[in-house]
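Any value given below was found using the heavy atoms of this structure, including those in side chains, with hydrogens, waters and symmetry copies removed. Ligands are counted one by one from 1 in listed order, and the atoms in each one are counted from 1 as well.
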Amino acid sequence: MTATILDGKALAAEIRADVKARVAARIAAGKPAPGLATVLVGDNPASQSYVRSKRKASAEVGIESFGYELPATASQAEVEKLVSELNADPKVNGILVQLPLPGHLDEERVLNLISIEKDVDGFHPVNIGRLAQKGREPSFVPCTPEGCMYMIQKSVPKIEGINAVVLGRSNIVGMPVALLLVRANATVTICHSRTRNLPDVVRQADVLVAAVGKPEMVRGDWVKPGAVVIDVGINRVDDPSSPKGYRMVGDVNFDEVKEVAGVISPVPGGVGPMTIAMLLRNTLHGAELSDK
Ligand SMILES: Nc1nc2c(c(=O)[nH]1)N[C@@H](CN(C=O)c1ccc(C(=O)N[C@@H](CCC(=O)O)C(=O)O)cc1)CN2
């Protein structure tokens, strides 16, 4: 039997509809529309496209977005000045600095400057630190990990006690998703490039989150029959038969793994759309924080 395919677009639509209704109720109650500031530095085409999608999705749910674009040559001081101004702007409830930043900029310093209460990406070390601490609540949870958890919650009746394996330990996905799984009382193993007997470790997973950035690395015989597999990878591979000359694949070999897993998220159309939906939800949350 082949796996159930998790439709990220449909799940994201569910979240967006909820955000849209809550924004409308907020406005009907005389409160201002939530405001999202997007900061794009440079001309990376993928980043430009993600920021465009985020602003379009914001407009669709009634969130006002303010787009800031700086040239690839912008200095550290210029980027920091902009973030400081946005921190002080009452119309802005969320600040999103699109990553990656050009190589000459100190990403950590920029992210650390974002107000904790406007950190809709959830990358500020205080928010990540709170995520890692028992009994502490971050103001925001990073969007892609939150999207993964939403998909896992839809697929697993009880997360408590399950074996979860996270492949990858990045600041944006691997580490925060592992922390979220621990908070949900899963038993979590984080795998990386030095993990020994990787296929054997992955085969223990009731839930596998693949976020390693290696095209189709996870093979069918690495996966426990019936497992829930969440594929976070977005990799471009050459494909002369495609009109674009390439196609997008995840970190999981979809054709092999779908024959073994119980549930699987595809690429594209899986976790990707959840990232933007969660950003909208976080921006609304930012507006609610500012009401207090
Ligand atoms: N400040 C941030 N920067 C980056 C983040 C982030 O969450 N915050 N994540 C990624 C990029 N990203 C959003 O910014 C993102 C990536 C992919 C998708 C998406 O919907 N992907 C589609 C496929 C798109 C394609 O074909 O190219 C899918 O998976 O269906 C949305 C958002 C890095 N930077």
Taking heavy atoms and a distance under 4.0 Å, where does [X] meet ligand 1: side chain, backbone, both or neither?
X      : result
Met248 : side chain
Pro273 : both
Asp121 : side chain

Checklist line | For atom 14 (O) of ligand 1, the option (of Met278, Lys244, Met274, Lys54) bearing the nearest heavy atom | finding: Lys54
Note to self: Considering Glu146, Arg236, Arg247, Gln98 one by one, which has a heavy atom nearer to atom 5 (C) of ligand 1 than any of the others?
What the structure shows: Gln98
Next item on the list: Look at atom 9 (N) of ligand 1 and say whether a protein heavy atom is found at less than 4.0 angstrom from it.
Entry: no
Checklist line | Protein contact of atom 32 (C) of ligand 1 - nearest heavy atom, named by residue and atom, plus distance | finding: Tyr50 CD2, 3.7 Å
Item checked: Trace of the salt bridge (charged side-chain N to carboxylate O under 4.0 Å, His left out) decision for Lys91 with Glu64 -> CA-CA 9 Å; Lys91 292 194 297 303; Glu64 194 173 356; over 6 Å; no
Note to self: Whether Glu288 and Arg22 form a salt bridge (side-chain N of Lys/Arg under 4.0 Å from carboxylate O of Asp/Glu) is what I want to check.
What the structure shows: yes
Next item on the list: Answer yes when Glu14 and Lys154 have at least one side-chain N-carboxylate O distance shorter than 4.0 Å, and no when they do not.
Entry: yes
Check: Are Val252 and Val207 in one and the same hydrophobic cluster, where Ile, Leu, Val, Met, Phe, Trp and Tyr link if side-chain heavy atoms are under 4.5 Å apart?
Finding: no
Next item on the list: For salt bridge (charged side-chain N to carboxylate O under 4.0 Å, His left out), just list the numbers for Glu137 and Arg130, CA-CA rounded to whole Å, side-chain angles, deciding distance to a tenth of an Å, and then say yes or no.
Entry: CA-CA 6 Å; Glu137 289 304 323; Arg130 287 180 185 160; over 6 Å; no
Notebook entry, point to check: Numbering the atoms of ligand 1 from 1, which are under 4.0 Å from a heavy atom of Ile234?
Noted result: 16 (C), 17 (C), 21 (N)
